[in-house]
Amino acid sequence: MSSEKNYQNTLHSIVLFGPFFMYVITLVHLYYLKLVSKQEKEQLTQESLESQLNYQQLKNQLSPHFLFNNINVLTSLIEENPKKAVAYSENLSHIYRYFLEQEKQDVVLVKDEINFAKSYLELLKDRFEIGLNFTINIDEIGGEKYIVSTILQQVLENVVKHNTINETNIVNVKITSEENYLIIENNKNQKLKTVSESKKGIENIKKRIAFFTDKKVIIEDSETRFIIKLPILETV
């Protein structure tokens, strides 16, 4: 009888205090989840800030480098051909202004980046004359998608940096689009250089694009041709 009474008392206690204990356990569990969520958010925020800083450092390498290279060209032209130097400096000022405007954007429309590339290629053609030719063929749909800003300037600068370009060593640059990639192709009149020098610009390009997509930059490098395929972004 005593055993049965103890059982009833225990059952009564469970029924009476069970909801309270469940409530306490739930509160503790929710508080723990809140702490974990807060820590995760703080960690994600920190990682985001670090990523933004790293990306900005990569971008900051471009503007001074772009200006330094073109000032060197302008200095040479002043000595060799003052009239041509004047035209070059005017074109350079327009392009550099646009370059700075684009640099404020992490990603831009493909068609805007292509327009910038055309202007930059025209500037390079002023410099190399018949030594450099280019063709651009981008479909309208691809033009309305997005790409990392000023990335084509880096690619084209890489072409100039690593190839001999003159009237006997002609370089042809072709820019097309295919399956969400922007494709830049050129024949090679390669200068002598170290491996580390040749890879530095490409590594910067890969790192910048990696901030915005998991799609990889594709490189096809043969003895006679160099092709780089840049991922096009569907949205910003």
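Criterion: ILVMFWY side-chain heavy atoms under 4.5 Å apart, direct or through other members. Under it, Phe211 and Val110 are part of a common hydrophobic cluster. Two different hydrophobic clusters hold Phe226 and Ile183 under the rule that ILVMFWY side chains link at heavy-atom gaps under 4.5 Å. No single ILVMFWY cluster, assembled from side-chain heavy atoms under 4.5 Å apart, contains both Phe128 and Val86. Side-chain heavy atoms closer than 4.5 Å link hydrophobic residues (I, L, V, M, F, W, Y) into clusters, and following such links, possibly through other members, connects Ile151 to Ile219. Ile78 and Leu123 fall within the same hydrophobic cluster, defined by Ile, Leu, Val, Met, Phe, Trp and Tyr side-chain heavy atoms under 4.5 Å apart, directly or through other members.
Within the 4.5 Å cutoff, side-chain heavy atoms of Val173 are placed close to those of Ile184. With contacts defined as side-chain heavy-atom distances shorter than 4.5 Å, the pair Lys188/Asn163 qualifies. Contact annotation: the side chain of Asp106 approaches that of Phe212 to within less than 4.5 Å [non-hydrogen atoms, C-beta and beyond]. You'll find the side chain of Asp126 stays beyond 4.5 Å of the side chain of Leu77, heavy atoms only. Taking the side chain as every heavy atom from C-beta outward, Phe134 and Glu122 approach each other to under 4.5 Å. Using a 4.5 Å heavy-atom threshold, the side chains of Ile114 and Lys118 count as touching. Using a 4.5 Å heavy-atom cutoff, the side chains of Ile170 and Ile130 are not in contact. Side-chain atoms of Asn137 and Thr135, non-hydrogen and from C-beta on, never get closer than 4.5 Å to each other.
Checked for salt-bridge contact, Lys229 and Glu178 miss the test: no charged N lies under 4.0 Å from a carboxylate O.
Rounded to the nearest 0.5 Å, atoms OG1 (Thr75) and CD (Glu80) are 10.5 Å apart. How far CG of Asn187 is from OG of Ser222: 10.0 Å, rounded to the nearest 0.5 Å. Taken from CG in Asp214 to CD1 in Ile209, the straight-line distance is 12.5 Å, to the nearest 0.5 Å. Note: Leu156 CG to Leu121 CG = 4.5 Å, rounded to the nearest 0.5 Å. The NZ atom of Lys206 sits 8.0 Å away from the CD1 atom of Ile228 when rounded to the nearest 0.5 Å. Atom NZ of residue Lys111 and atom CG of residue Asp139 lie 12.5 Å apart, to the nearest 0.5 angstrom.
A side chain to side chain contact (heavy atoms under 4.5 Å, CB included) with Val155 is found for one member of Ile175, Val217, Ile205 and no other, namely Ile205.
Between Glu113 and Val108 the shortest heavy-atom distance is OE1-CG2, 3.7 Å. Contact between Ala117 and Leu152 at its shortest, heavy atoms only, is CB-CD1, 3.7 Å. Pairing each heavy atom of Asn204 with each of Gln154, the nearest pair is OD1-NE2, 2.7 Å. Closest heavy-atom contact between Leu132 and Lys125: O-NZ, 2.7 Å. Annotation for Arg127 and Lys84: closest pair O-NZ, 3.5 Å, computed over non-hydrogen atoms.
In terms of modelled atom types and a separation under 3.5 Å, the side chain of Asn133 and the main chain of Asn172 share no donor-acceptor contact. Although no hydrogens or angles enter the test, the distance criterion places no donor-acceptor pair under 3.5 Å between the side chain of Thr150 and the main chain of Gln153. Looking at Arg225, its side chain never comes within 3.5 Å of a backbone N or O of Glu220 through a donor-acceptor pair. Side-chain atoms of Asn180 do not come within 3.5 Å of backbone N or O of Ile232 as any donor-acceptor pair.
Other residues, nucleotides and ligands place no more than 12 heavy atoms under 6.0 Å from the NZ atom of Lys174.
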### Task
Could you walk me through whether Lys215 and Tyr181 pass the side chain to side chain contact (heavy atoms under 4.5 Å, CB included) test, one step at a time?
CA-CA 10 Å; Lys215 292 170 65 177; Tyr181 276 90; 3.9 Å; yes
### Message
If you apply the rule side chain to side chain contact (heavy atoms under 4.5 Å, CB included), what do you find for Leu230 with Val148, and how did you get there?
### Response
CA-CA 9 Å; Leu230 308 175; Val148 176; over 6 Å; no
### Query
After noting the C-alpha distance and the side-chain angles of Leu182 and Ile138, does the key distance pass the side chain to side chain contact (heavy atoms under 4.5 Å, CB included) rule?
CA-CA 8 Å; Leu182 202 60; Ile138 304 296; 3.4 Å; yes
### Message
Applying side chain to side chain contact (heavy atoms under 4.5 Å, CB included) to Asn189 and Ile165, what does each step give before you reach the verdict?
### Response
CA-CA 7 Å; Asn189 301 317; Ile165 307 175; 5.9 Å; no
